[in-house]
There are 2 protein chains.
Amino acid sequence: MSYFDAASSAPLHPVARQALLAALDEGWADPSRLYREGRRARLLLDAAREAAAEAVGCRPDELVFTSSGTQAVHAGIAGAVAGRRRVGRHLIVSAVEHSSVLHSAELFDVTEVPVRRTGAVSPQAYVDALRPDTALACLQSANHEVGTVQPVGAVAEVCREAGVPLLVDAAQSLGWGPVEGPWSLLTGSAHKWGGPSGVGLLAVRKGVRFSPQGPADERESGRAAGFENLPAIVAAAASLRAVRAEAAQEAVRLRELTERIRARVPQLVADVEVVGDPERRLPGIVTFSCLYVDGETLLHELDREGFSVSSGSSCTSSTLTPSHVLKAMGVLSEGNVRVSLPFGAVSEEVDRFLEVLPGAVARVREKLGAPAPAVVVGEDALVVDALGKRCPIPVIELAKVIGDVPVGGTVRVLSDDEAARLDIPAWCEMREQEYVGEEPADQGSAYVVRRVS
Amino acid sequence: MSYFDAASSAPLHPVARQALLAALDEGWADPSRLYREGRRARLLLDAAREAAAEAVGCRPDELVFTSSGTQAVHAGIAGAVAGRRRVGRHLIVSAVEHSSVLHSAELFDVTEVPVRRTGAVSPQAYVDALRPDTALACLQSANHEVGTVQPVGAVAEVCREAGVPLLVDAAQSLGWGPVEGPWSLLTGSAHKWGGPSGVGLLAVRKGVRFSPQGPADERESGRAAGFENLPAIVAAAASLRAVRAEAAQEAVRLRELTERIRARVPQLVADVEVVGDPERRLPGIVTFSCLYVDGETLLHELDREGFSVSSGSSCTSSTLTPSHVLKAMGVLSEGNVRVSLPFGAVSEEVDRFLEVLPGAVARVREKLGAPAPAVVVGEDALVVDALGKRCPIPVIELAKVIGDVPVGGTVRVLSDDEAARLDIPAWCEMREQEYVGEEPADQGSAYVVRRVS
């Protein structure tokens, strides 16, 4: 079994396991107590905080441990906005943030900064979004679905000049290195770098106004309520230090492996779009989308072949809308596959993945290829009725009829699947046909495409 | 070293350790993913939920795992009040709840129900506190500082009749057995029963209106945000089942040990008040207070002798006010010691504790006994000026001069220490002197005592 979904959760690093076991014996007591076991727990907690702060690049008293990366984001955003309540309740976030950031931001007045087709924001877009009532800006250090590294340093400078704090969600990159630039708040999640689950971290620079929300609690400087999850905190700090020691070497190795996937997949599989920035990207993540493929079925095929990957397609069990990241990037979402290699992934596994992928995609396409499109000739254009059909069927039917359209003529695809709004324009771009636009229809929408070649 | 502070945090149960280790290997992946590792994690999570629900006495779909008992309380209270926002924002809590409940309640309109000298509430007091706008009532199953078991079943009945949901904080009792009665919400904390830290649980009965607060998150039915701390959850459920299997036998054994402490301490140490209900109490907790003793110094003396206990006295490093529990009970808070025996505590350790306690108390009393009271003869009464002196000095000075007061005469103790308000009346009750009352003074207050014997 090859586990290629490290961006969801990394397997436990051996150092984390070792530290956890030791801390189960030494660190189960309440660190706020005065007796021997309590003092021992306090020492472990202090040492973990120092190690984590060093890795983050902040002072130990600026860093608290939370119960997850999500809790760190929730507490960080709520506390930072409350700390600047006199300024206003306006937030700036990128359109490709993690859902924990977007859901936190929903509670306020929010501007979503768009991204380029690579998934990266431009610092100028943050400048444009600034308002007098902007309480906080948020930007991920790198994207969790496509691996694109964001210009955090430049955005942090822009924010500093405007006097607006910047919160950086560093969940995907913290194992690789500290975040550059004058950020104000930073969050992380231990299970993303090979630490245990149950531990996040929140750093708040001195001088940043911060007012913890929720019921009062004396633990972790009042910023993370509840009994400290000490053995896991110890393991988180120890493994962060351990992965950092290996990061430079491992980055070179994994980058070579993902580069191999980036280069080979379009050669091995027809109608594939590799997405994300080819240069400014995390070493271990590569994402591509396959036309005429249903993401969930492809995941099952790959799972059967022994590969665990994830998908931002709309057709996965947990969601019926395509990934907001792919949507914001304006790239194809159907048949989407994210490969995120864990530390230690071996070259042979990647080669075997490249071996089985073409067959897996072909099998899915064969399964889906059958339905004959219902073609209706309208007054001046062909109409494809794909109502009630889920992605990728609308695009498959479009592809089947485009040859029947005279060059310069149009075809209308009727669809009530949300994913079509993204995937039909993406297909046009890949196929060099003209996407004319979307029109309202009795049911769903009509997507108009002009044949230009 | 004898660890007698299980009510703060219990040492990890061997079954918890074993389950945690197994789940580190099997349960690190994201349970919402469709591939092998994700499905395996989902199976573990489902099994843990079933085991925990069976122990709690609810359906699996009524129970979610949180990142701590405190988080369970915060989420439970916030969600339950929001679910009944049309009814109102009035909360009823007992005066002796855990701080996580009291701090949550502070955010609303709250009535604190008083307790008897034993620490127990009366169901009638809940009836009296009910209002048309009461959204929620809260009552602990048993008190964390003195071990008194609350009449939860009767209070739950009272609440049901009034159509008000009752949230039971079962942190201290869940290892011993399920909570009786028609409660609506229930919270627990794994590290209190020998599970790992980082896991709490929140049960919400079907039909109870509940509206989760904070940013949206799809995990744990939207009631506990963030990546599931799966290995710890598995360990929590396994250890709950394990301690329950031992509970009946262990309860008899520990009750005998705490009964021994209850009976022997007043024989071995002069001027001691054993607090809490002598009958309706948890098996492992016994609490007593020693006149003329500073709690923190006594903890240090006992720690040096190899005993880890805690104190609700005002003179501990983390706080300058006496325990709100002892205050609400109206009992002596100075020189307070809580002994809470973990599962497996042995008889010989308890005997050794009883051996060293008298000497430890005597040494603290000797250290503190020195200061000569500043006695001023006023117009009609003796005045003891204890301003600027911390507990237990005001009571020590009162005790020193009471012999100089003629029977029927009064003495005024001037004190600006908050603890005096509690400890001077408690001393009067123990010494069978009359506590006349408190009067305002230029600084602090004057506490008036009449000598009656």
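Model, not experiment: these values are computed from the prediction. Labels below follow one simple rule: chain letters A, B, ... track the order of the sequence lines, proteins then strands, and each chain is numbered from 1.
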- Task: Measure distances from A/Ser68 to the heavy atoms of chain B and classify the residue's part below 4.5 Å as side chain, backbone, both or neither.
- Result: side chain
- Query: Is chain A contacted by the side chain of B/Val199, its backbone, both, or neither, given a heavy-atom distance below 4.5 Å?
  - Reply: neither
- When the aromatic ring centroids of B/Phe307 and A/Tyr35 are compared, is their separation below 6.0 Å? no
- Query: With side chains defined as the heavy atoms from C-beta onward, is the minimum distance between A/His191 and B/Trp28 less than 4.5 Å?
  - Reply: no
- Note: vs chain B, highest number of non-hydrogen pairs under 4.5 angstrom among A/Gly306, A/Gly226, A/Ala216 is A/Ala216
- Side chain, backbone, both or neither: which part of A/Leu21 has a non-hydrogen atom closer than 4.5 Å to chain B? both
- Interface moiety of B/Leu302 toward chain A, non-hydrogen atoms closer than 4.5 Å: neither
- Is B/Asp30 close to A/Asp5 at the side-chain level, that is, under 4.5 Å between some pair of heavy atoms? no
- Task: For A/Ala225 and B/His74, work out which heavy atoms get closest and say how close.
- Result: CB-CE1, 3.6 Å
Show me the donor-acceptor pairs, under 3.5 Å and distance only, between side chains in residues 227-237 of chain A and residues at least two apart or in other chains.
residue, atom, partner, partner atom, Å
A/Glu228, OE1, A/Arg219, NH1, 2.8
A/Asn229, OD1, B/Ser197, OG, 3.3
A/Asn229, ND2, A/Gly198, O, 3.3

- Partner chain A: residue of B/Leu12, B/Thr70, B/Leu102, B/Val73 with the largest heavy-atom pair count (under 4.5 Å): B/Thr70
- salt bridge (charged side-chain N to carboxylate O under 4.0 Å, His left out) pairs, two or more places apart, involving residues 7-20 of chain A: A/Arg17-B/Asp25
- Would you say the side-chain atoms of B/Asp303 pair up with the backbone N or O of A/Arg36, donor to acceptor, closer than 3.5 Å? yes
- Kindly indicate whether the side chain of A/Ser310, heavy atoms from C-beta on, has any atom under 4.5 Å from the side chain of B/Arg33. yes
- Item | Proximal component of A/Ala10, with respect to chain B [non-hydrogen, under 4.5 Å] | backbone
- The residue among A/Pro11, A/Ser8, A/Ser308 that forms side chain to side chain contact (heavy atoms under 4.5 Å, CB included) with B/Glu37 is A/Ser308
- With a 4.5 angstrom heavy-atom cut-off, could you sort out which part of A/Val309 is near chain B: side chain, backbone, both or neither? backbone
- d(B/His103 NE2, A/Glu218 CD) to nearest 0.5 Å is 6.5 Å
